[in-house]
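Right, one structure below, let's go through it.
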Amino acid sequence: MPDVKLPAALTAPKTRALALCGVLVGALLGTAAFVPLPFTRTTPGTTADVLGGYQGSPVLTVTGAPTRTTDGQLRMVTISATSPGERISLRTALGSWLNQDEAVLPSEAVYPQKNPAKAEQVTQQQMSQSQDSATVAALNYLHLSPEKVKVRVDLGDIGGPSAGQLLALGIIDKLAGDGKGGDLSGGKVIAGTGTIDDQGNVGAVGGVPLKTQAAARDGATVFLVPTAECSDAKVNTPAGLRLVPVKTLSDAVAALNALNTGGEVPSC
């Protein structure tokens, strides 16, 4: 290979030092791109019609009172996340930050329990509590006794507290509908999220921008969102998905009835 004479500027000691630093920084960045980081990658998850079945089993089984045959769908929505204890690389994190259908969160925010087995146990406990509260809230709304009417919920391995609002609405729809012989859903695909307590208060859950993506993907045209998360819900809202804010179970029922009758419906 012939000798190539470089310009003096490129052979000066300072220039050589800067070039060497550039090579080192590039090497470090290249290595860092694959170093595991304490972040969790989240994406739109599955949805489940609480009026129907999930993984071959009915979501809601009510005994002690007559139930209705319903039309339409009430879909609870989830997000998918990398497993507890699993870390992602900087390269994966940057890719997710640039993708509106993904989000990267500190792992501690998603899994406060660092032990994977403990994290799974906690999410299942949250789901169990959510089911109990949804049942109490729905039966209280209908003025029915929890001692006489029993509700069994089966959502497979789905965990966490965010299905509470939709479970309560599903119980009401199966037992009473809109109170006038019709369905709460009005025959439409309604989705939503939100925790619920025994008194019927709907609480924030997080991950709403990803949940609206999942809802629209699975055919929903209306999304019930905790009022406190309206701003989050408006981030990259899918076209054709109507956001309806609610603070309580009564708010949710009233909003669905208004949708079905052409009444005034709140919006984010």
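Since the model is a prediction, treat every value here as computed from it, not as a measurement. All residue numbers refer to positions in the sequence shown, counting from 1.
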Result block: side-chain N/O donor-acceptor pairs under 3.5 angstrom for residues 53-66, not counting sequence neighbours:
none

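Here the CG-NZ distance, from Leu169 to Lys174, works out to 13.5 Å after rounding to the nearest 0.5 Å. The distance from atom CG of Leu224 to atom CZ of Arg75, rounded to the nearest 0.5 Å, is 14.0 Å. Rounding to the nearest 0.5 angstrom, the gap separating the CE atom in Met76 from the OG1 atom in Thr47 is 8.5 Å. Separation of atoms CD1 (Ile190) and CG (Asp183) is listed at 11.0 Å; rounding is to 0.5 Å. The CZ atom of Phe223 sits 10.5 Å away from atom CD of Gln213, with the distance rounded to the nearest 0.5 Å. To the nearest 0.5 Å, atoms OG (Ser185) and CG (Leu51) are separated by 6.5 Å.
Within the 3.5 Å criterion, the main-chain N or O of Pro161 finds a donor-acceptor partner in the side chain of Ser130. The backbone N or O of Gly182 sits less than 3.5 Å from a side-chain atom of Asp178, completing a donor-acceptor pair. Not one N or O on the side chain of Lys148 forms a donor-acceptor pair closer than 3.5 Å with the backbone of Leu144. A donor-acceptor pair is defined here as one N or O able to donate and one able to accept, closer than 3.5 Å; no such pair exists between the side chain of Gln131 and the backbone of Leu167. When atom types are taken as modelled, the side chain of Asp198 and the backbone of Ala137 share no donor-acceptor pair closer than 3.5 angstrom. Side-chain atoms of Asp154 come within 3.5 Å of backbone N or O of Gly156 as a donor-acceptor pair. A donor-acceptor contact shorter than 3.5 Å is absent between the side chain of Thr195 and the backbone of Gly164. Side-chain atoms of Ser267 never come within 3.5 Å of backbone atoms of Val244 as a donor-acceptor pair (strictly under, hydrogens ignored).
Hydrophobic clustering (ILVMFWY, side-chain heavy atoms < 4.5 Å, transitive): Val202 and Leu243 are in distinct clusters. Using a 4.5 Å cut-off between side-chain heavy atoms of Ile, Leu, Val, Met, Phe, Trp and Tyr, with links allowed through other members, Val151 and Ile172 fall into the same hydrophobic cluster. Hydrophobic clustering, with ILVMFWY side chains joined whenever heavy atoms are under 4.5 angstrom apart, keeps Val225 apart from Val253. Met127 and Val205 fall into different hydrophobic clusters, defined by Ile, Leu, Val, Met, Phe, Trp and Tyr side-chain heavy atoms under 4.5 Å apart, directly or through other members. Hydrophobic cluster membership differs between Val50 and Ile79, with clusters built from Ile, Leu, Val, Met, Phe, Trp and Tyr side chains linked at under 4.5 angstrom.
A donor-acceptor contact closer than 3.5 angstrom is absent between the side chains of Asp173 and Thr70. For the residue pair Thr227 / Lys247, no side-chain donor-acceptor distance below 3.5 Å is found, with atom types taken as modelled. Judged purely by distance below 3.5 Å, without hydrogens or angles, the side chains of Thr248 and Asn201 never pair a donor atom with an acceptor atom. Using modelled atom types and a 3.5 Å distance limit, the side chains of Asn260 and Lys188 yield a donor-acceptor pair. Side-chain contact check for Ser128 and Gln124: no donor-acceptor pair (N or O, by modelled atom type) lies under 3.5 Å.
You'll find the side chain of Thr193 reaches within 4.5 Å of the side chain of Val208, heavy atoms only. Using a 4.5 Å heavy-atom threshold, the side chains of Asn236 and Pro209 count as separate. Asp218 has its side chain out of reach of Val189: every pair of non-hydrogen atoms, C-beta onward, lies at least 4.5 Å apart. A heavy-atom distance below 4.5 Å is found between the side chains of Lys211 and Ser162. With contacts defined as side-chain heavy-atom distances shorter than 4.5 Å, the pair Arg242/Leu259 qualifies. Looking at Thr78 and Ile158, their side chains come closer than 4.5 Å, going by heavy atoms from C-beta outward.
In plain terms, the two heavy atoms of Ala191 and Ala215 that are nearest each other are CB-CB, 3.6 Å. Of all the heavy atoms in Ala255 and Val265, the pair that sits closest is O-CG2, 4.2 Å. Closest approach of Pro245 to Cys268, counting heavy atoms only: CD-N, 3.8 Å. Closest non-hydrogen pair, Leu241 versus Ala220, comes out as CD1-O, 3.5 Å. In plain terms, the two heavy atoms of Pro226 and Gly194 that are nearest each other are CG-CA, 3.8 Å. The heavy-atom pair separating Ala214 from Val77 by the smallest distance is CB-CG1, 3.7 Å.
When Asn140, Ile196, Asp197 are each tested for a side-chain contact (heavy atoms from CB on, under 4.5 Å) with Leu249, only one passes: Ile196.
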